[in-house]
Visitor: 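Shown below is the structure under consideration.
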Amino acid sequence: MARVRLVRPGARDLCLIAQHLRQADRQELAAVHGWDIDLLGCLQTAVSASEESFVALAGDEPIAVFGVAPVSLLGGLGCPWMLGTDTLDRHGRAIVTLSREHVARWGDRYACLFNYVDARNLRSIAWLRHTGFVVWPAAPHGLHGEPFHRFERCT
């Protein structure tokens, strides 16, 4: 199995991730933004809005992109996010190990990290729990009120 490492996001990496985005992440984005969403544009926007972001590479293959965007610097709120390809699921343990360090560091900068995850996105929910987030019961969210869990990690 290829070693997983983190690099700064590049245009090629984002394009490949958008082309091969796992179905659960596509469903999640569609539930919030609609099925006609431009996946590449969404990834580019997430990266540009983020204070810090990374692409996870397995060998030379981009398998995920994640980061944290400031919601309110005065209120100390940050919005962590991650989107990946099907290959990401084969490297879950490595992703948890690599991302745990960054999530902990983000927790030093932000009093509270929070976002929402589609209740159907079981792999992402597992990643969130393994990296120290509390995952709350699902409630209606997004365009059509699909069930989403709020997740947070507050100090």
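No hydrogens, no waters, no symmetry mates; every other heavy atom, side chains included, goes into these values.
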Visitor: When rounded to the nearest 0.5 angstrom, what distance separates CG in L21 from CG in L16?
Guide: 12.0 Å
Visitor: Residues in side-chain hydrogen bond (donor to acceptor under 3.5 Å, both in side chains) with R22, at least two apart?
Guide: D25, D89, S124
Visitor: Is there any salt bridge (charged side-chain N to carboxylate O under 4.0 Å, His left out) pair reaching into residues 72-83, and which pairs are they, with sequence neighbours excluded?
Guide: none
Visitor: What orientation do W127 and F133 show, parallel under 30°, tilted 30 to 60°, or perpendicular over 60°?
Guide: tilted
Visitor: Calculate, to the nearest 0.5 Å, the distance between atoms CD1 and OG1 belonging to I63 and T85 respectively.
Guide: 6.0 Å
Visitor: Under a 3.5 Å distance rule, please check whether R100 uses its side chain to pair with a backbone N or O of H130 as donor and acceptor.
Guide: yes
Visitor: Got a sec, which residues hit ring-ring contact (aromatic ring centres under 6.0 Å, His included) with H149, two or more places apart in sequence or on another chain?
Guide: none
Visitor: Tell me whether L57 shares a hydrophobic cluster with M82, the cluster being built from Ile, Leu, Val, Met, Phe, Trp, Tyr side chains joined at under 4.5 Å.
Guide: no
Visitor: Testing L14, I17, V7 for side chain to side chain contact (heavy atoms under 4.5 Å, CB included) with P62, which one passes?
Guide: I17
Visitor: Compile the donor-acceptor pairs under 3.5 Å between side chains in residues 64-80 and protein atoms, sequence neighbours left out, one pair per line.
Guide:
residue, atom, partner, partner atom, Å
S72, OG, G75, N, 2.8

Visitor: Looking at residues at least two apart in the chain, or sitting in another chain, which of them share a side-chain contact (heavy atoms from CB on, under 4.5 Å) with L98?
Guide: V4, L6
Visitor: Decide yes or no for Q27 and N121: does some side-chain heavy atom of the first lie under 4.5 Å from some side-chain heavy atom of the second?
Guide: no
Visitor: For residues 67-78, pull every pair meeting salt bridge (charged side-chain N to carboxylate O under 4.0 Å, His left out), keeping only residues two or more places apart or in separate chains.
Guide: none
Visitor: Compare all side-chain heavy atoms of H102 with those of E52 and state whether any distance is below 4.5 angstrom.
Guide: yes
Visitor: Any salt bridge linking R150 with E152? Criterion: basic side-chain nitrogen under 4.0 Å from a carboxylate oxygen.
Guide: yes
Visitor: Can you tell me how far the NE2 atom of H33 sits from the CG atom of L39, to the nearest 0.5 Å?
Guide: 10.0 Å
Visitor: If hydrophobic clusters are built from ILVMFWY residues whose side chains come within less than 4.5 Å, do V103 and V47 share one?
Guide: no
Visitor: Which distance, rounded to the nearest 0.5 Å, do you find between the CZ of F148 and the CD of E28?
Guide: 5.0 Å
Visitor: If Ile, Leu, Val, Met, Phe, Trp and Tyr residues are connected whenever their side-chain heavy atoms lie under 4.5 Å apart, and connections chain through other members, are W136 and Y116 in the same group?
Guide: no
Visitor: Tell me if the CZ atom of R120 is crowded by more than 12 foreign heavy atoms within 6.0 Å.
Guide: yes
Visitor: So how far is it from R5 CZ to F54 CZ, rounded to the nearest 0.5 Å?
Guide: 13.5 Å
Visitor: Take atom CG of D60 as the centre, draw a 6.0 Å sphere, and report whether it contains more than 12 heavy atoms from other residues, nucleotides or ligands.
Guide: no
Visitor: Could you see if L113 belongs to whatever hydrophobic cluster contains L83? Use Ile, Leu, Val, Met, Phe, Trp, Tyr and a side-chain cutoff under 4.5 Å.
Guide: no
Visitor: Verify, without hydrogens or angle tests, whether R153 (side chain) and T131 (backbone) share a donor-acceptor contact under 3.5 angstrom.
Guide: yes
Visitor: Taking all non-hydrogen atoms of both residues, which atom of D13 and which atom of P9 are closest, and how far apart?
Guide: OD2-C, 4.3 Å
Visitor: Does R26 come within less than 4.0 Å of D118, counting only side-chain N to carboxylate O?
Guide: no
Visitor: Kindly compute the distance separating SG (C42) from CG (L29), expressed to the nearest 0.5 Å.
Guide: 4.5 Å
Visitor: Would you kindly confirm whether F114 and W106 end up in one hydrophobic cluster when ILVMFWY residues are joined by side chain heavy atoms under 4.5 Å apart?
Guide: no
Visitor: I'd like to know if the side chain of W81 pairs up with that of S53 as donor and acceptor (distance under 3.5 Å, no hydrogens or angles considered).
Guide: no
